[in-house]
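Here the structure is laid out as structure tokens; the discussion comes afterwards.
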There are 2 protein chains.
Amino acid sequence: MPTSSKSDKRRTLTSAKIIEAALTIADTQGIETLSMRKLATALNVTAMSMYNHVANKDDLLSLMLDHVVSEFELPNKDGPWQDMLRRRAHSMRRAFLRHPWAPTLLISTITNGSHTMQDTNATLGCLINAGFSYAAADWARNAIDSHTFGYTMQELNFPVEPDKYKAAAAHYLPEIDKDKYPYLHSATEVLIKGEYDGITQFDFGLDLILSGLSPDNSQ
Amino acid sequence: MPTSSKSDKRRTLTSAKIIEAALTIADTQGIETLSMRKLATALNVTAMSMYNHVANKDDLLSLMLDHVVSEFELPNKDGPWQDMLRRRAHSMRRAFLRHPWAPTLLISTITNGSHTMQDTNATLGCLINAGFSYAAADWARNAIDSHTFGYTMQELNFPVEPDKYKAAAAHYLPEIDKDKYPYLHSATEVLIKGEYDGITQFDFGLDLILSGLSPDNSQ
DNA sequence: ACCTGAACACCGTTCAAGT
DNA sequence: ACCTGAACACCGTTCAAGT
């Protein structure tokens, strides 16, 4: 008689499998629906068996976040440092669009997974090699990341689909008091008239920061 | 016999009182500890009586957020537009430091409280009066807010107190693999040696954005 | 060593019943 | 009109018991 049979569930569970299933649930159904019991059902085990592979739910979330960070493009290639940092920022934004629950948790969680450390190391290295001091590199990285997190989190919360934006604005216009909020009212009217599409560009703020940065301008 | 006596609890509860008590709990004990039952206990009522004044917990959170927005300084005074926007951004950051739970919720919640609408109206108005088009004003506001949200949320998550940062870095250094993460290792060494204080400045990124902005540079 | 069922101490919210 | 107690359908996590 073999030690493992079809009905023997031992060793079938791994932390990698748990993380994968958790990411699928969070991406498709929302992080707020991810419970230990639901995740266990998806994996065909009980909630408690997962505690043999992850310490608790917070630990699981950290492991999920480090996976998201693994999708960032490392700025450790050759070429102009601005291009590498722009490509990393774009890849961050795309990872966040794939995993919309991630930025909120990532920015409010202390993570020291290996992918997170690798990203920090490569990003600092890119700036150091471009001639930035360690202090200036830290400041520059912080400015770029602030924009990337802040912009993408606002973008993810955008209340309507881009192509439905004008219709939604037209519907909402009567509820904006013209005397109390004249500029907001006019901005909504301009939007409806179609003079601009209401979409602010990620690159607008990113380029303001990247063009302002130089190895010498920060003390 | 009067219709209200000492033991008659009717009419003692208002949404303002609920919001005030909820803000106190969230600010002092953390938003994750705020439950309807705990809040009710603090107000000396049962959880269910609050449902006569707020629709549900989400509604309560929206009301709390609009209060936080009421602490933003409106950029509707006279003076250079850059100064007004800088003061608004500083007041946002200070409000977030007072209410550390707020930015995460504010950036991921659709709010249309009156203070939120007033803030949007005044911020757009400041830029319009400075000669920005409605489209450019929207882009500029988005760039400034992205930085303010992103920076302050990173700051709030900063793992240690500023004055303990060097000690914490020294303690953490041995755990950073020098061969795998050379730049991160060196950055930590530089930090411990005290060549800079490891504090990135809010104004560094904000000034990059404000000096790059002008009524003509965005299409 | 790994998996499980039962239990504990919580949640937000509903509902019918009080005054 | 406003407040309440009991109940419902959940949570994350512990613990002792299985194999």
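Just so it is clear, the values below take in all heavy atoms, side chains as well, and ignore hydrogens, waters and symmetry mates. All chains are named by letter (A, B, ...) in the order of the sequence lines, taking the proteins before the strands, and each is independently numbered beginning at 1.
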Side chain of B:Asn52 (C-beta onward), nearest among D:dT4, C:dC3, C:dG12 = D:dT4

Between A:Ser91 (side chain) and A:Arg88 (backbone), is there a donor-acceptor pair under 3.5 Å?
-> yes

Distance below 4.0 Å between A:Thr46 side-chain N/O and C:dC3 OP1 or OP2 | no

Check for a donor-acceptor pair, side chain of A:Tyr151 on one end and backbone N or O of A:Phe202 on the other, with a separation under 3.5 Å.
-> yes

Looking for any heavy atom pair under 4.0 Å, which part of the strands does B:Met36 touch: base, sugar-phosphate only, or nothing?
-> sugar-phosphate

Between C:dC2 and A:Ser49, is there an OP1 or OP2 to side-chain N/O distance shorter than 4.0 Å?
-> no

Please state how far atom CG in A:Leu39 lies from atom P in D:dT13, giving the value in whole angstrom units.
-> 12 Å

When rounded to whole Å, the CZ to C1' distance for the pair B:Arg37 and C:dC10 reads 8 Å

B:Met48 CE to C:dC15 C1': how many Å, rounded?
-> 11 Å

Taking atom P of D:dT14 as reference, at what distance in whole Å does atom NZ of A:Lys57 sit?
-> 14 Å

Sidechain-backbone polar pair: A:Asn121 side chain, B:Tyr183 backbone, donor-acceptor under 3.5 Å = yes

More than 12 non-hydrogen atoms from neighbouring residues, nucleotides or ligands closer than 6.0 Å to CD on B:Gln29, yes or no?
-> yes

More than 12 heavy atoms from other groups under 6.0 Å of NZ on B:Lys164 | no

Take atom CG of A:Leu13 and atom P of C:dC2, then tell me their distance rounded to the nearest Å.
-> 10 Å

Check: B:His90/B:Asp203 side-chain N/O donor and acceptor closer than 3.5 Å | yes

Is there a side-chain polar atom (N or O) of A:Tyr51 under 4.0 Å from OP1 or OP2 of D:dT14?
-> no

Protein-nucleotide distance (A:Asp58, atom CG; D:dG12, atom C1'), rounded to Å | 10 Å

Between C:dC2 (P) and A:Leu43 (CG): distance, integer Å = 16 Å

Taking both distances under 3.5 Å as the test for a Watson-Crick or G-U pair, what stems of at least three pairs does DNA chain D have?
-> C:4-8 with D:12-16, C:12-16 with D:4-8

Taken to the nearest whole Å, CD1/B:Ile18 to P/C:dG12 is 14 Å

Nearest nucleotide by nearest heavy atom, which residue falls closer to the 5' end of DNA chain D, A:Ala55 or A:Thr33?
-> A:Thr33

For A:Thr116 and A:Asn112, indicate whether the former's side chain and the latter's backbone hold a donor-acceptor pair under 3.5 Å.
-> no

